[in-house]
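Beneath this line is the structure, given in structure tokens, with notes to follow.
Keep in mind it's a predicted model, so treat the numbers as computed, not measured. When a ligand or atom number is given, it counts from 1 through the structure's own listing order.
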Amino acid sequence: MGQQEKSGETGGGNMEEAAAKENGRAADPRLQGISDAIRVVPHFPKPGIMFNDITALLLRPGVFKDAVDMFVERYRGMGIAAVAGIEARGFVFGPAIALAIGAKFIPLRKPGKLPGEVISETYVLEYGTDCLEMHVGATEQGERVVVVDDLVATGGTLSAAIRLLERAGADVVECACLIGLPKFKDFYKLNGKPVYILVESRK
Ligand SMILES: O=P(O)(O)OC[C@H]1O[C@H](OP(=O)(O)OP(=O)(O)O)[C@H](O)[C@@H]1O
Ligand SMILES: Nc1ncnc2[nH]cnc12
């Protein structure tokens, strides 16, 4: 399995495929199907944004399963105690991965959604700011955690998730995303943590 650290060194196309080529391995045949199943919608939610829509992939159970399986194969047997999913699209993949590897699932939510005591991290988006919250006590000192989301663009969201988990004492092993946006790949800010990406955005 290829692992992209921060910017990665791929020249476009599929991230796993590029990593496989670098290491003289054959790319996993499931990756093309995953890439093809992601719908790219121009100018959503605003002009100039090429939106990567994972809902198209979710309508194809075989491809959805392939994506989950690839993460499960990577993290099974690694002593992962928790999968932390980022609202909203990290909630689609995170619980399935957590159940399959026998880990707990920790929801990292947008502000004001969790009823108990929370810790918060604010982060900068392309335009404006946002915030993630986690219940106090969701993770314990030294627990090995993987953070899951659908897509990394600037890395701001994943960085906030890492800070939140580390403040609670967790050992963040890796971040895992289906999609990476090449436009931002030199600018990932992931607090020194690796990000594992299956496919690069097609446009
Ligand atoms: O790498 P970044 O630049 O931080 O962007 C990536 C984040 O953007 C999207 O979520 P969004 O904030 O649109 O929220 P949503 O899932 O609730 O729609 C995506 O699901 C990631 O969480
Ligand atoms: N291009 C994009 N597609 C889907 N989600 C995103 N979040 C940030 N940029 C995105």
Subject >> Heavy atom of the protein closest to atom 21 (C) of ligand 1 (residue, atom name, distance) >> reply: D149 OD2, 3.1 Å
Original post:
Looking at G156, which atoms of ligand 1 are within less than 4.0 Å of one of its heavy atoms?
Top reply: 1 (O), 4 (O)
Original post:
Taking N or O atoms only and a 3.5 Å limit, does G155 qualify as a polar contact for ligand 1?
Top reply: yes
Original post:
V147 and side-chain contact (heavy atoms from CB on, under 4.5 Å): which partner among V172, V83, L190, L164?
Top reply: V172
**OP:** List every atom of ligand 1 that sits less than 4.0 Å from any heavy atom of T154, numbering the atoms from 1 in the order shown and giving each element.
**Re:** 1 (O), 2 (P), 3 (O), 4 (O)
Subject >> salt bridge (charged side-chain N to carboxylate O under 4.0 Å, His left out) evaluation trace for R109 with E133 >> reply: CA-CA 5 Å; R109 296 216 61 179; E133 294 186 341; over 6 Å; no
Subject >> Nearest-0.5 Å distance, CG of residue L58 to CZ of residue R89 >> reply: 11.0 Å
Subject >> Minimum-distance protein heavy atom relative to atom 7 (N) of ligand 2 >> reply: L151 CD2, 3.6 Å
Original post:
Can you tell me if R74 uses its side chain to pair, donor with acceptor, with the backbone of A176 under 3.5 Å?
Top reply: no
Subject >> Heavy atom of the protein closest to atom 3 (N) of ligand 2 (residue, atom name, distance) >> reply: N52 N, 2.9 Å
**OP:** May I ask you to identify, for T157, whether its side chain, its backbone, both or neither come under 4.0 Å of ligand 1 on a heavy-atom basis?
**Re:** both
Original post:
Among M50, K183, R89, which residue places a heavy atom closest to atom 1 (N) of ligand 2?
Top reply: M50
**OP:** Look up atom CD in E87 and atom CG in D149, then write down how far apart they are to the nearest 0.5 Å.
**Re:** 10.5 Å
Original post:
When only distance counts, is L151 in polar contact with ligand 1, meaning an N/O pair under 3.5 Å?
Top reply: no
**OP:** Could you tell me whether R30 and E73 make a salt bridge, using a distance below 4.0 angstrom between a side-chain N and a carboxylate O?
**Re:** yes
Original post:
Applying a 4.0 Å heavy-atom criterion (strictly less than), which segment of D150 is in contact with ligand 2: side chain, backbone, both, or neither?
Top reply: neither
Original post:
Got the closest protein heavy atom to atom 11 (P) of ligand 1, with its distance?
Top reply: R89 NH2, 3.8 Å
**OP:** Output the list of atoms in ligand 1 that are nearer than 4.0 Å to some heavy atom of A153, sorted by atom number.
**Re:** 1 (O), 2 (P), 3 (O), 5 (O)
Original post:
For the side chain of R39 and the backbone of L57, is there at least one donor-acceptor N/O pair under 3.5 Å apart?
Top reply: no
**OP:** Considering the heavy atoms of K110, write down every atom of ligand 1 situated less than 4.0 Å from one of them.
**Re:** 12 (O), 14 (O), 15 (P), 17 (O)
Original post:
Does any N or O in the side chain of K104 come within less than 3.5 Å of the main-chain N or O of A138, such that one atom is a donor and the other an acceptor?
Top reply: yes
**OP:** Please answer whether the main-chain N or O of M78 pairs with a side-chain N or O of R144 as donor and acceptor at a distance below 3.5 Å.
**Re:** yes
Subject >> Residues, nucleotides or ligands: over 12 heavy atoms within 6.0 Å of R163 CZ >> reply: yes
Subject >> Numbered atoms and elements of ligand 1 in range of D150, under 4.0 angstrom, heavy atoms >> reply: 19 (C), 20 (O)
Subject >> Verify atom 8 (O) of ligand 1: protein non-hydrogen atom under 4.0 angstrom away >> reply: no
